[in-house]
Chemist: 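The structure that follows is given in the form of structure tokens.
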Amino acid sequence: MNTTTIIKWTNRIALAAIILLVYWVFIFISITVFSLKVFQENITESFYLSVLGILALLVGAVIVNIMFNLTSISESLQEPGRSTHPTRIRRNAIILILLSFPLIFGILFLGDYRTTQVRETRLIEAAEYSIQENREIATSFLEYSFDAQYLQATAEGLQLIAHQSESFPSISVILKDSVHGKDVFLRFTSHMHRDGTDDLSKLDYIYACSPEEQEYIKSVFEDNEDRHLFSASDGSYELYYPYRSGNQAVILYFTDRQRYGKFGS
């Protein structure tokens, strides 16, 4: 392999590595700043580790350039009168690269939107499945009375539902009650207090949520609303799914979190 060939390919490899590194940084900043969830967890880890390979490739190409003094060799070997065509090619390449950034950004947003749709579908299917396969348990949630027996039965029922499927989302029950004459929403999970049942307090189970969620929950219990409410934020997905029988109603609250999209998630 002659010097000219070495110069050509090491320059190409270094340029390709630099371009890949720029794309990687752009994608990383985009998914981190805008909390875009596009990749599955294992793909995300591979994506982050790939930067090491890119850097290793770049360093190797630079070392070869230094060894062969490619800059001076390329200048001395460059023939006159051949600069116009390469300059035009470089200009077109730069334009294409710049135009590719908005395209990549759009693809990332579309991927995040698609991911959210998939998570919503999955949670709705989980809600429908849990009700269909556990009708008696779901009906028992409607027989509400704030006492140790109901709390224990509800916790066991939620555990039974959650253990029936691998990777089942977290599930809890939301009910309407009152404390000191004020309407409140109580949330019961599968992790209930098993000790000190004589000192039960509704204050320990009050569910705090956003104004939008409060209005939705009110509409379910006061206006007989049957639609579900889904929300997604920073890899966390929530689904409020009403279950009604006659004049009684509860809300099955499903939560799911995916560890993908950025470091530490």
Chemist: What about Tyr216 and Leu175, same hydrophobic cluster or not, with Ile/Leu/Val/Met/Phe/Trp/Tyr joined at side-chain heavy-atom distances under 4.5 Å?
Modeler: no
Chemist: Using a strict threshold of under 4.0 Å (side-chain N to carboxylate O), is an ion pair present between Lys218 and Asp183?
Modeler: no
Chemist: With clusters defined by side-chain heavy atoms of hydrophobic residues (ILVMFWY) lying less than 4.5 Å apart, directly or transitively, does Phe254 cluster with Leu158?
Modeler: yes
Chemist: Any luck finding a side-chain donor-acceptor pair between Glu213 and Tyr240 under 3.5 Å?
Modeler: yes
Chemist: How far apart are the C-alpha atoms of Leu110 and Arg114, what are their side-chain angles, what is the distance that settles it, and do they pass the side-chain contact (heavy atoms from CB on, under 4.5 Å) test?
Modeler: CA-CA 6 Å; Leu110 289 176; Arg114 176 58 181 168; over 6 Å; no
Chemist: When you compare the side chain of Tyr205 with that of Phe146, does any pair of heavy atoms fall below 4.5 Å?
Modeler: yes
Chemist: Between atom NE2 of His163 and atom OG of Ser190, what is the distance when rounded to the nearest 0.5 Å?
Modeler: 7.0 Å
Chemist: With heavy-atom distances below 4.5 Å as the criterion, would you say the side chains of Thr255 and Pro169 are in contact?
Modeler: no
Chemist: Using 30° and 60° as the class boundaries, would you call the ring planes of His228 and Tyr241 parallel, tilted or perpendicular?
Modeler: parallel
Chemist: Any chance you could measure Gln159, atom CD, to Gln164, atom CD, to the nearest 0.5 Å?
Modeler: 12.5 Å
Chemist: Kindly give the heavy-atom pair with the smallest separation between Ala249 and Arg244, and that separation in Å.
Modeler: CB-NH1, 3.4 Å
Chemist: Are Phe101 and Phe26 close enough that their ring centers fall under 6.0 Å?
Modeler: yes
Chemist: Once you round to the nearest 0.5 Å, how far does CD of Glu125 lie from CD of Glu120?
Modeler: 11.0 Å
Chemist: Would you tell me whether Ser231 and Glu238 have side-chain atoms, one donor and one acceptor, within less than 3.5 Å of each other?
Modeler: yes
Chemist: Between Arg122 and Tyr237, is there a side-chain heavy-atom distance shorter than 4.5 Å?
Modeler: no
Chemist: How far apart are the C-alpha atoms of Leu229 and Glu212, what are their side-chain angles, what is the distance that settles it, and do they pass the side-chain contact (heavy atoms from CB on, under 4.5 Å) test?
Modeler: CA-CA 10 Å; Leu229 177 66; Glu212 177 187 0; 4.3 Å; yes
Chemist: Under a 4.5 Å cut-off applied to non-hydrogen side-chain atoms, are Ile137 and Glu156 in contact?
Modeler: no
Chemist: Do Val173 and Tyr253 have side chains that approach each other closer than 4.5 Å (heavy atoms only, starting at C-beta)?
Modeler: no
Chemist: Could you tell me if the side chain of Thr116 sits less than 4.5 Å from the side chain of Phe230, heavy atoms only?
Modeler: yes
Chemist: If we ignore angles and hydrogens, is there a donor and acceptor under 3.5 Å between the side chains of Gln117 and Tyr113?
Modeler: yes
Chemist: Look at atom CG of Asn247 and say whether more than 12 heavy atoms of other residues, nucleotides or ligands are closer to it than 6.0 Å.
Modeler: no
Chemist: Examine Tyr243 together with Phe141 and report whether their ring centres are nearer than 6.0 Å.
Modeler: no
Chemist: What's the spacing between Leu252 CG and Ile131 CD1 if we round to 0.5 Å?
Modeler: 5.0 Å
Chemist: If only atom types and distance count, is the side chain of Ser201 paired as donor or acceptor with the main-chain N or O of Leu203 below 3.5 Å?
Modeler: yes
Chemist: Applying ring pair (Phe, Tyr, Trp, His ring centres under 6.0 Å), run through Phe185 and Tyr207 and close with a yes or a no.
Modeler: CA-CA 6 Å; Phe185 304 117; Tyr207 177 57; 8.1 Å; no
Chemist: May I ask you to test the Ser170-Asp256 pair for a side-chain heavy-atom distance under 4.5 Å?
Modeler: no
Chemist: Can you tell me how far apart NZ (Lys176) and CD (Glu222) are? Round to the nearest 0.5 Å.
Modeler: 3.5 Å
Chemist: So which atom in Ser130 and which in Phe168 form the shortest heavy-atom distance, rounded to 0.1 Å?
Modeler: CB-CZ, 4.2 Å
Chemist: Looking just at side-chain N and O atoms, do Gln132 and Glu128 make a donor-acceptor pair shorter than 3.5 Å?
Modeler: no
Chemist: Can you pull out every salt bridge (charged side-chain N to carboxylate O under 4.0 Å, His left out) where at least one residue sits in residues 13-31? Sequence neighbours excluded, please.
Modeler: none
Chemist: Are Ile171 and Leu151 connected in the hydrophobic side-chain network, where two residues link if heavy atoms are under 4.5 Å apart?
Modeler: yes
Chemist: Would Tyr129 and Val250 show up in the same hydrophobic cluster when neighbours are defined by side-chain heavy atoms closer than 4.5 Å?
Modeler: no
Chemist: Determine whether Ile174 and Leu186 make a side-chain contact, defined as any pair of heavy atoms from C-beta on separated by less than 4.5 Å.
Modeler: no
Chemist: Assert yes or no for the condition that the ring centre distance of Phe105 to Phe109 is strictly below 6.0 Å.
Modeler: yes
Chemist: First locate atom CD of Glu136, then atom CG of Leu160, and finally report the distance between them rounded to the nearest 0.5 Å.
Modeler: 11.0 Å
Chemist: Are Ile206 and Val220 linked, directly or through intermediate hydrophobic residues, by side-chain heavy-atom contacts shorter than 4.5 Å (ILVMFWY only)?
Modeler: no
